[in-house]
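Per chain, numbering begins at 1; letters A, B, ... match sequence-line order.
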Amino acid sequence: MGPAPGVGWATPRLRVSHPRPECVPMHVAFNLAADLDAALTSAATAAGLEAAGFAPEVRTADPRHGDFQANGVLGYAKARKLNPRAVAEKLVAALPASVKEACEITIAGPGFINFSLKPAALFGWLRTHDSAAHLKAGAGTAKSGQQWVVDYSSPNTAKQMHVGHLRSAVIGEAICRLLEFNGAKVVRDNHIGDWGTQFGKLIWACKKAQVADAAALDAALARDPLEEFERLYKVGNDAAEADPAVMDAARAELVKLQAGDAENLAVWKHINGVSLAAFQQIYDQLGIRFDVTLGESFYNDQVERIYRELTATGIAEESQGALVVFHPEHPRFKTQPFIMRKADGASNYATTDLATALYRVEHFHADGIVVVTDFRQGDHFEQLFLTVRKWFAAKHYRVPELHHVTFGAVTGEDGKALRTRDGGIVKLKELLAEAEARAFALVSERSADIPAEERHAIAATVGVASVQYADLSQNRSSDYVFAWDKMISLEGNTAAYLLYAGARIHSIFRKLGATPGDAATEAAASALETPAELALARKLVKFADAIRIATDTLRPHFLSLYLYELAGEFSAFYGADKVAVDDPAVRARRLMLCARTLLVLETGLHLLGLRTLTRM
RNA sequence: GCACCUGUAGCUCAACUGGAUAGAGCGCCAGACUACGAAUCUGGAGGUUAGGGGUUCGACUCCCUUCAGGUGCACCA
């Protein structure tokens with residue numbers, strides 16, 4: 001999606017014709033790659049290319065070749081048996097003067113068009129994008145006016161959150177923030193599992209414990225309710241697996257619950273209240289606040305309509321007593337059913353997920369729905385989305401974009417599912433506490449001069465950020481190897497390295513008695529000159545592209561990678577060029593670079609859901 | 001059996017969904033603090049992208065096939 005016409009190079013209105021930075025015009029596009037793309041598209045028409053068959057394909061380039069490259073002429077020329085370099089030359093000749101003034105343009109190899117931003121153009125971008133609000137204003141056109149619903153975290157009640165719940169929560173929150181930054185309105189929906197068969201077993205076990213020793217049960221529930229419910233679930237589950245009669249009894253309890261039995265409903269409510277309170281403690285640490293928590297139970301009374309509509313539209317059919325959907329056009333789902341009503345008449349998660357999709361469109365007017373779960377539910381969501389598209393089309397409901405955002409398993413360093421020393425599940429509560437403890441040890445070792453109280457606060461940020469970032473820094477589709485040493489490490493692509501880079505910039509401003517982004521200081525800045533200054537500026541300008549790709553692919557690691565490279569570029573600059581020099585114009589421009597690096601770094605980290613520090 | 005995911009440097013991971021000489025960190029080797037935080041930086045060595053075919057100007061990326069690991073597949077979510 002290109003920028004709004006008339007805001008950049010695509011029109012002759014912008015003229016970066018004066019090398020003196022103070023003359024840089026006000027309107028500088030946030031996403032220069034997109035702007036260049038638009039300029040090339042216009043130029044293609046002017047140059048007599050077949051506009052319909054030409055896409056510029058602008059992307060960020062290897063710094064050896066420039067800042068951006070356009071690859072579109074290769075395919076275009078090939079398809080028409082033209083000389084690609086000749087086409088590229090025609091195209092470049094047709095570019096508006098503003099682009100030629102802002103960039104060095106070369107044609108290389110088989111027909112790549114390379115663009116290198118001149119120092120004044122880089123300076124202009126930095127001057128324009130001087131606050132978080134201006135960055136957001138630039139990015140916010142991409143999904144402006146769209147409504148999205150993001151379904152993430154979604155643990156089951158009656159159980160504690162464990163390490164398996166981490167990725168959905170962390171990745172989901174980052175996706176929410178990215179969508180918002182791009183201008184979308186986002187509803188954060190915690191689709192908790194509060195209506196499944198686990199309650200049959202759990203209620204059965206509760207009643208049994210009640211009969212056996214009511215006082216002991218009450219005492220255990222008073223001490224740590226969630227631990228006790230978890231233990232009872234295990235009792236019920238083991239018993240049900242060992243004895244079919246217990247399984248039947250548990251099913252009966254579930255049926256009673258779903259029918260509205262007062263006693264079972266009371267137990268169920270108690271369990272959910274206790275669970276949500278415990279979840280919120282984790283969410284507070286991760287900086288997550290849901291707009292709605294609409295679990296499976298919320299849709300319980302809406303399932304009849306689902307059965308009715310899917311039957312009436314001919315999408316669902318009876319099979320072996322169940323109501324199912326087959327997809328004849330699909331190699332597998334033509335025989336593998338999507339069961340939306342069990343043979344015993346009960347609903348299941350296919351039913352509630354169908355109802356959920358409908359509710360999100362009817363109630364929230366969703367343009368896009370994102371569901372963040374692990375990859376093992378791939379079949380389910382593929383079937384669900386196929387069904388939803390057919391159903392909504394048949395009923396003339398709005399069909400939103402549907403995305404199943406998957407991620408791999410969390411494994412230990414042996415490649416197997418992560419377990420504690422004694423083979424138990426790693427509880428999220430304990431994992432975060434350990435991260436904090438390890439971070440505290442590290443901060444204490446490195447910064448013994450900071451008061452203990454502040455060190456604890458720093459450790460809380462570093463510990464949680466390290467856990468979050470470990471997840472966000474790698475492609476979500478691969479399995480994730482959990483390794484403490486790598487996670488809390490200060491070296492390499494870690495949260496601590498990025499937080500350190502930020503703390504060091506804050507330190508520069510403290511030392512020089514300056515304020516980041518101070519307009520009076522920056523007004524004195526001279527043109528960018530040294531290789532390190534220019535390299536850093538080039539990296540800063542590409543923030544827009546990092547945001548774009550992370551959002552388009554719903555993969556936050558593209559942003560993480562960018563921020564890591566930015567921090568590295570800053571460290572190189574820091575080592576090469578001293579900020580605290582006597583020449584006021586040089587000092588001013590380097591302070592400006594520091595301020596923009598800080599701005600982009602902190603804005604980016606906040607988009608990932610991390611908290612940042614001013615010292616550590 | 002049928003499908004999906006994964007396989008890249010000794011290790012942990014990237015590679016913008018087909019672009020230029022496949023990049024980082026750790027580890028290893030050699031350097032840089034009487035300079036704003038060395039929790040840092042600058043160099044170097046390290047690759048048949050699991051194997052084999054194919055598609056094309058161009059392939060880690062797409063297709064076919066073999067191998068290895070993981071995961072799903074009728075009433076759990």
| B/rA24 versus B/rG44 - spacing of their C1' atoms, nearest Å | 16 Å
| said: Pairing check on B/rA3: which nucleotide meets the Watson-Crick or G-U wobble criteria with it, both distances under 3.5 Å? | reply: B/rU71
| said: With rounding to the closest Å, how many angstrom separate the P atoms on B/rA14 and B/rC62? | reply: 16 Å
| query | For A/D449, does the CG atom sit with more than 12 other heavy atoms under 6.0 Å from it, leaving out its own atoms? | reply | yes
| field | Watson-Crick/G-U partner (both atom distances under 3.5 Å) of B/rG23 | value | B/rC13
| Is a salt bridge present between A/R59 and A/D545, judged by a nitrogen-to-oxygen distance below 4.0 Å? | no
| note | Side-chain contact check for A/L561: nearest option of B/rA14, B/rU6, B/rA39 is B/rA14
| query | For B/rA38, what is the paired nucleotide under Watson-Crick or G-U wobble rules, both distances under 3.5 Å? | reply | none
| task | Select base, sugar-phosphate, or nothing to describe what A/A108 touches, counting heavy atoms under 4.0 Å on all strands. | result | base
| Which whole number of Å gives the distance between the C1' atom of B/rA20 and that of B/rC33? | 39 Å
| request: May I ask you to check whether A/F68 and A/F115 place their ring centers less than 6.0 Å from one another? | output: no
| request: Identify whether any heavy atom of A/R446 sits under 4.0 Å from a base atom; if not, whether one sits that close to sugar-phosphate; answer base, sugar-phosphate or nothing. | output: base
| message | Salt bridge or not between A/K201 and A/E241? Use side-chain N to carboxylate O under 4.0 Å. | response | no
| field | 5′-ward residue of the pair A/A61/A/H380 relative to RNA chain B | value | A/A61
| task | Tell me whether the OP1 or OP2 atom of B/rG19 has a side-chain N or O from A/R59 closer than 4.0 Å. | result | yes
| query | Contact class for A/Q198 (heavy atom, under 4.0 Å): base, sugar-phosphate, or nothing? | reply | nothing
| task | Between B/rU34 and B/rG23, how far apart are the C1' atoms? Round to whole Å, please. | result | 38 Å
| query | Side chain of A/D379: nearest nucleotide among B/rA15, B/rA39, B/rC73? | reply | B/rC73
| When rounded to the nearest Å, what value does the distance between P atoms of B/rC73 and B/rU61 take? | 31 Å
| Can you tell me if the side-chain N/O atoms of A/R504 get under 4.0 Å from OP1 or OP2 in B/rA38? | yes
| task | Would you please determine if the base of B/rA20 is stacked by A/F112, with stacking meaning a centroid separation under 5.5 angstrom and planes under 30 degrees? | result | yes
| message | For A/A501, give me all partners under side-chain contact (heavy atoms from CB on, under 4.5 Å), at least two apart in sequence or on another chain. | response | A/A567, A/L601
| Using atom P of each nucleotide, how far apart are B/rA3 and B/rG43 to the nearest Å? | 49 Å
| query | Which ones in residues 459-469 of chain A lie close to RNA chain B, meaning a heavy atom under 4.0 Å from one of its atoms? | reply | none
| task | Give a yes or no on whether the ring-centroid distance for A/F570 and A/F573 is below 6.0 angstrom. | result | yes
| query | Less than 4.5 Å apart, any side-chain heavy atom of A/T157 and any of A/W268? | reply | no
| field | Euclidean distance for P, B/rA22 against B/rA59 (whole angstrom) | value | 12 Å
| task | Please answer whether B/rC36 and A/Y574 are stacked, defined here as ring centres separated by less than 5.5 Å and planes angled under 30°. | result | yes
| request: Round to a whole Å and report the spacing from CD of A/Q336 to P of B/rC73. | output: 8 Å
| message | Heavy atoms only, 4.0 Å cut-off, all strands: where does A/N83 land among base, sugar-phosphate and nothing? | response | nothing
| query | Do the charged groups of A/R438 and A/D485 touch, with an N to O distance under 4.0 Å? | reply | yes
| field | Separation between the C1' atoms of B/rG27 and B/rG72, rounded to whole Å | value | 38 Å
| said: Does a side-chain N or O of A/S478 approach OP1 or OP2 of B/rA14 to a distance below 4.0 Å, or not? | reply: yes
| field | A/F407 ring center within less than 6.0 Å of A/Y480 ring center | value | no
| Does the aromatic ring of A/H65 sit over the six-membered base ring of B/rA20, closer than 5.5 Å centre to centre and tilted less than 30°? | yes
| Does any non-hydrogen side-chain atom of A/L36 lie less than 4.5 Å from one of A/P56? | no
| note | Nearest-nucleotide check on RNA chain B, A/Y349 vs A/V324; residue mapping nearer the 5' end is A/V324
| Are any of the side-chain heavy atoms of A/K159 and A/E230 separated by less than 4.5 Å? | yes
| Ignoring hydrogens and angles, does a donor from either the side chain of A/T60 or the base of B/rC16 sit under 3.5 Å from an acceptor on the other? | yes
| field | Under-4.0 Å side-chain N/O to phosphate OP1/OP2 contact, A/Y497 with B/rC26 | value | no
| Going by number, which of residues 508-516 of chain A have a non-hydrogen atom under 4.0 Å from RNA chain B? | A/I508, A/K511
